[in-house]
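This report refers to the structure that appears directly beneath it.
One is the number of the first residue; the rest follow in order along the sequence.
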Amino acid sequence: MNKLIQKNVPWYRLSFVTILHALYRDSPELPLKHLGVRADTEWIKASLDGLGLTTEDLEHMLWDRVLAEALRRSGKPRLVVKTPSNVLVWERIAACWPDAQYVFLLRHPAATVASLHSSFDPAWRPEEAGSMEESVARGLRYMNVVEEARSALPGLTVRYEDLTASPEPVVRELCEFLGVPFEPGMLEYGRFGHAGFTPGLGDSSLNIRSGRIQPPAPLPEEIPSGLAEICAAWGYPHPDNEPSNVG
């Protein structure tokens, strides 16, 4: 099935800022798993059978058309899709866009959970109490699937800490992976016009609003024990993984 979007880049991450503004359309967060197609009646089911299509096929066509329109309006040649929850349907994304390139942005899991916890808004998650335990569980849900996707898909792994500490060499490596020329302006994303910040859709913190690459916040003094396994998988320190605590 021909796709309108031939080159898009899903960024599997939990927090990131746009640095490839000159070449890529940075789409607003679009949780694809919530954008679906219904075929409830026997008539439409029979029609789809006659066409040799499934509702999943139709959903892929819908996703592709929506992102193609976003790309057309931007006037840019490529698209970055960086909605965190899309990692939960990474297998479908890989099936929908087989030519996609993948960039996996890792960050110390304790920092990720701390960020999730500090940004909790009961208006968006009325079913939660806003506890640290809930933030750990939610963070692990995403991080474990990121690791699953990272193990199955070809792609480039970028560490948040490296990107913020030495942005130019990291961005140069990223550009080489994507096959695009590096431009110094990529490091000055605050100079470009961006769409407004919508509450609940992506990072709208003071850090990203500053227009400058910010150093990572210090790690919390206490790192939840439940993060030990994913810290080990991603090569980050955790007190429970120290030699004196293993065995």
> In terms of heavy-atom contacts, does CD of E221 have more than 12 from other residues, nucleotides or ligands at under 6.0 Å?
Replying inline: no

>> As a quick check of understanding, evaluate side-chain contact (heavy atoms from CB on, under 4.5 Å) for L140 and V136, giving each step before the final call.
In response: CA-CA 6 Å; L140 280 173; V136 170; 3.9 Å; yes

> Tell me, do T55 and R38 make a side-chain contact under 4.5 Å, heavy atoms counted?
Replying inline: no

> Is a side-chain donor or acceptor of N241 paired with a backbone partner of A228 at a separation under 3.5 angstrom?
Replying inline: yes

> Donor-acceptor pair, S47 side chain versus W43 backbone, under 3.5 Å?
Replying inline: yes

> Between H60 and W63, how do the two ring planes meet: parallel, tilted or perpendicular, split at 30° and 60°?
Replying inline: tilted

>> Assess the residue pair T112 and Y142 against the criterion (side-chain contact (heavy atoms from CB on, under 4.5 Å)); give the C-alpha distance rounded to whole Å, side-chain angles, the decisive distance to 0.1 Å, and a yes or no.
In response: CA-CA 10 Å; T112 297; Y142 285 87; over 6 Å; no

>> So that I can tick it off, tell me whether E69 and R65 are bridged by a salt bridge, with the cut-off set at under 4.0 angstrom between side-chain N and carboxylate O.
In response: yes

> Do R141 and L88 come close enough that some side-chain heavy atom pair is under 4.5 Å?
Replying inline: yes

> Which heavy-atom pair separates L116 from G139 by the least distance, and what is that distance?
Replying inline: CD1-CA, 3.6 Å

> Is it true that a side-chain atom of E59 and a backbone atom of G36 form a donor plus acceptor pair closer than 3.5 Å?
Replying inline: no

>> Counting C-beta onward and ignoring hydrogens, is there a side-chain heavy-atom pair between R107 and S115 closer than 4.5 Å?
In response: yes

> When rounded to the nearest 0.5 angstrom, what distance separates CZ in R138 from CE in M143?
Replying inline: 10.5 Å

>> Are L35 and V89 linked, directly or through intermediate hydrophobic residues, by side-chain heavy-atom contacts shorter than 4.5 Å (ILVMFWY only)?
In response: yes

> Is atom CD of E176 surrounded by more than 12 heavy atoms (other residues, nucleotides or ligands) closer than 6.0 Å?
Replying inline: no

>> If I compare all heavy atoms of D40 with all of I44, which pair ends up nearest, and what's the gap?
In response: N-CG2, 3.9 Å

>> List the residues meeting side chain to side chain donor-acceptor pair (under 3.5 Å) with T157, not counting sequence neighbours, and say none if there are none.
In response: R150

> Can you check whether G130's main-chain N or O pairs, donor with acceptor, with E134's side chain at less than 3.5 Å?
Replying inline: yes

>> One pair to check against side-chain contact (heavy atoms from CB on, under 4.5 Å): L105 and R159. What are the steps and the verdict?
In response: CA-CA 6 Å; L105 184 73; R159 293 187 182 273; over 6 Å; no

> Going by heavy atoms in the side chains, are L178 and Q101 under 4.5 Å from each other?
Replying inline: yes

> Does H238 use its side chain to pair, donor to acceptor, with the backbone of P109 at less than 3.5 Å?
Replying inline: no

>> Quick check: closest heavy atoms across L67 and L79, and the distance to 0.1 Å?
In response: CB-CD2, 3.6 Å

> Do D49 and T54 have side chains that get closer than 4.5 Å, going by heavy atoms?
Replying inline: no

> Is there a side-chain contact between F182 and P184 (heavy atoms, below 4.5 Å)?
Replying inline: yes

> Any chain of hydrophobic side-chain contacts (each under 4.5 Å) joining F120 to V113?
Replying inline: no

> Within the distance-only criterion (no hydrogens, no angle test), does the side chain of N86 pair as donor or acceptor with the backbone N or O of L30 below 3.5 angstrom?
Replying inline: yes

> G52 and D57: which non-hydrogen atoms are nearest, and at how many Å?
Replying inline: O-OD2, 4.1 Å

>> Between L106 and Y160, is there a side-chain heavy-atom distance shorter than 4.5 Å?
In response: no

> To the nearest 0.5 Å, what is the distance between CE (M186) and SG (C175)?
Replying inline: 4.0 Å

>> side-chain contact (heavy atoms from CB on, under 4.5 Å), that's the test. Do I223 and H108 meet it? Break it down for me.
In response: CA-CA 10 Å; I223 299 180; H108 195 298; 4.1 Å; yes

> Taking the side chain as C-beta and beyond, is there a heavy-atom pair between V103 and F177 under 4.5 Å?
Replying inline: yes

>> Run Y236 and E161 through side-chain hydrogen bond (donor to acceptor under 3.5 Å, both in side chains) and show every step you take.
In response: CA-CA 11 Å; Y236 285 106; E161 296 83 1; 2.6 Å; yes

> Going only through I, L, V, M, F, W and Y residues with side-chain contacts under 4.5 Å, is there a path from M61 to L51?
Replying inline: yes

> Can you tell me how far NZ of K33 sits from CD1 of I93, rounded to the nearest 0.5 angstrom?
Replying inline: 11.5 Å

>> Give me the atom names and distance for the closest heavy-atom approach of K45 to A39.
In response: CE-O, 3.2 Å

> Which atom names give the shortest non-hydrogen contact between S131 and H117, and what distance separates them?
Replying inline: C-CE1, 3.5 Å

>> Using only atom types and a distance under 3.5 Å, with no angle test, would you say the side chain of W90 pairs donor to acceptor with the backbone of V146?
In response: no

>> Under a 3.5 Å distance rule, please check whether E128 uses its side chain to pair with a backbone N or O of R125 as donor and acceptor.
In response: no

